[in-house]
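Step one of this worksheet: look at the structure below.
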Amino acid sequence: GLPGRNASRSVFWMGTVGAYTPCHYDTYGYNIVTQLHGRKRWTLFSPADSSCLYPTRIPYEESSVFSAVDIKQPDFGKHPLFASARKYEVVLEAGDVLYVPSHWWHHVESLDTSVSVNTWVELAMVVCASVHACVCVCLLLSVQESDRVDRVGEAVARTLVTALKAQSLSPREEWLNPTETAESHQGNLQLLRMALLCSTGDGTKPEETVADLPPKGHECDQQPFQSPPAKRVYHGPDASQREDGGVPRTPDSPEAIEPNNEEEASVSLETALLNAILSPDCLRHITSKLMNAVPQPRRI
């Protein structure tokens, strides 16, 4: 049912009892999950309840919007709207397949030693060919407005988060997920430009001229623009339950202490500022304005 997809586009998961993924949604595409061994509990929330989940982009991870709510032990004094969120819960057993629609929030926990495999499927299927450095020529095979806008929005989020946090007093490991790397500001602008090029979405091919190409040797050289696979790290109560062995960091983890001095207050304020600017509704508005403001590429 998904022509051209193979194991290289899938992700293999193995987790011990109690390992879990913090509640989040993926910014584009939909998710198909197959449980191979053991059991996993999936707790899902509709996009309509997004405001009740308190979206945050800190820690930053490409294509992921986390919830500031600890789903397992919610603090209703801190997150009162969460009480109004309607949750859907399902336990996957070996042989079960789950379809997770676009933008649905999900928290996943291993109930046994668990093995599963999943694939994220783009709503707007894009074929990209590398041209010179990072620039690509995109042929839109099918068009889905939501995914095209969300790809641009994700590039906007990356640019704004890294631009502000690069000047931050907080160490990088406190705002960047351990599986994520931070591009330079120029590199992020190149990615944003390419996302805009690929968002034309009318079935025609954007024209590129030599003058339009970035300089040879740009730091994102040899990496054609595409939607990077969303990276998931299973978090547990200790580092041994996380696949990369690092220290779990979620918005409500013990490390997220209340600010008690001027430096911590500044870090808290910049995070609140980013979450306000990059809230789903605000980001969609910014993205729409940007797509309307940037001139469309010349046509062949």
Side-chain angles (χ1 to χ4, degrees), residues 1-2 5-46 53 56 58-75 82 85-121 173-174 176-181 227-256:
L2 298 171
R5 299 188 78 86
N6 52 41
S8 67
R9 302 293 299 277
S10 300
V11 180
F12 179 84
W13 299 107
M14 179 178 289
T16 56
V17 176
Y20 69 96
T21 305
C23 187
H24 68 281
Y25 74 82
D26 304 307
T27 52
Y28 32 70
Y30 59 88
N31 192 359
I32 298 178
V33 185
T34 301
Q35 190 69 22
L36 303 178
H37 177 79
R39 298 173 301 149
K40 276 186 180 177
R41 178 190 293 116
W42 283 70
T43 304
L44 302 103
F45 301 88
S46 166
L53 274 296
T56 179
I58 305 298
Y60 176 76
E61 182 179 272
E62 169 70 24
S63 76
S64 300
V65 178
F66 289 101
S67 169
V69 181
D70 181 348
I71 302 300
K72 299 178 70 174
Q73 295 180 314
D75 182 344
F82 181 65
R86 179 179 180 181
K87 72 176 181 180
Y88 301 83
E89 191 172 282
V90 61
V91 174
L92 294 188
E93 300 183 351
D96 289 342
V97 176
L98 177 66
Y99 163 69
V100 183
S102 177
H103 290 185
W104 272 68
W105 295 84
H106 46 285
H107 174 280
V108 188
E109 181 177 5
S110 294
L111 302 180
D112 308 306
T113 297
S114 171
V115 178
S116 57
V117 64
N118 86 298
T119 185
W120 289 276
V121 183
E173 59 268 19
E174 292 186 3
L176 191 67
N177 221 41
T179 56
E180 194 64 48
T181 56
S227 167
K231 294 173 282 295
R232 294 287 166 264
V233 178
Y234 275 72
H235 298 252
D238 56 68
S240 65
Q241 289 187 276
R242 186 165 131 172
E243 292 182 335
D244 67 358
V247 179
R249 278 189 300 282
T250 61
D252 282 340
S253 64
E255 299 90 353

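A quick note: this is a predicted structure, and the numbers were derived from the prediction, not measured. One is the number of the first residue; the rest follow in order along the sequence.
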> How many angstroms lie between atom OG of Ser63 and atom CD of Glu180, to the nearest 0.5 angstrom?
Replying inline: 8.0 Å
> Given side chains that start at C-beta, do those of Phe45 and Cys23 come closer than 4.5 Å, heavy atoms only?
Replying inline: yes
>> Does atom CD (Glu89) have a neighbourhood of more than 12 heavy atoms from anything else shown, all under 6.0 Å?
In response: yes
> Taking only residues two or more places apart in sequence, or in another chain, which ones meet Lys87 in a side chain to side chain donor-acceptor pair (under 3.5 Å)?
Replying inline: none
>> Among residues at least two apart in sequence or on other chains, which ones pass side chain to side chain donor-acceptor pair (under 3.5 Å) with Asn118?
In response: Trp13, Asn31
> Looking at residues at least two apart in the chain, or sitting in another chain, which of them share a side chain to side chain donor-acceptor pair (under 3.5 Å) with Asp112?
Replying inline: Arg39
> OG1 of Thr27 to NE2 of His103: how many Å apart, nearest 0.5 Å?
Replying inline: 6.5 Å
>> Between Gln35 and His37 (side chain of the first, backbone of the second, donor and acceptor by atom type, cut-off under 3.5 Å), is there such a pair?
In response: yes
>> Checking Leu53 against Val65 for the side chain to side chain contact (heavy atoms under 4.5 Å, CB included) test, could you report, in this order, the C-alpha distance in whole Å, the side-chain angles of both residues, the deciding distance, and whether it holds?
In response: CA-CA 10 Å; Leu53 274 296; Val65 178; over 6 Å; no
> Hey, what's the ring geometry for Phe66 with His24, parallel, tilted or perpendicular (30° and 60° as the breaks)?
Replying inline: tilted
> What salt bridge (charged side-chain N to carboxylate O under 4.0 Å, His left out) pairs are there with at least one residue in residues 95-107, not counting sequence neighbours?
Replying inline: none
> Only one of Glu93, Arg41, Lys40 forms a side chain to side chain contact (heavy atoms under 4.5 Å, CB included) with Leu111, so which one is it?
Replying inline: Arg41
> Of the non-hydrogen atoms in Thr16 and Ser110, which two are nearest, and what is the gap between them?
Replying inline: O-CB, 3.3 Å
>> I'd like to know whether Phe82 forms a side chain to side chain contact (heavy atoms under 4.5 Å, CB included) with Ile71, so could you lay out the CA-CA distance, the side-chain angles of the two residues, the decisive distance to 0.1 Å, and finally the verdict.
In response: CA-CA 9 Å; Phe82 181 65; Ile71 302 300; 3.8 Å; yes
>> Go through it in stages, so that I can follow the logic: the residues are Trp105 and Thr43, the test is side chain to side chain contact (heavy atoms under 4.5 Å, CB included), and I'd like the CA-CA distance, side-chain angles, deciding distance and then a yes or no.
In response: CA-CA 8 Å; Trp105 295 84; Thr43 304; over 6 Å; no
>> For a side chain to side chain contact (heavy atoms under 4.5 Å, CB included) check, start with the C-alpha distance between Tyr25 and Val100, then their side-chain angles and the critical distance, and finish with the verdict.
In response: CA-CA 10 Å; Tyr25 74 82; Val100 183; over 6 Å; no
>> Under the rule for side chain to side chain contact (heavy atoms under 4.5 Å, CB included), what residues qualify as partners of Ser10, not counting sequence neighbours?
In response: Val117, Thr119
>> Going by the rule ring-ring contact (aromatic ring centres under 6.0 Å, His included), which residues pair with Tyr60 if we only count those two or more places apart in sequence or in a different chain?
In response: none
>> Distance check, rounded to the nearest 0.5 Å: Tyr30 atom OH versus Trp120 atom CH2?
In response: 14.0 Å
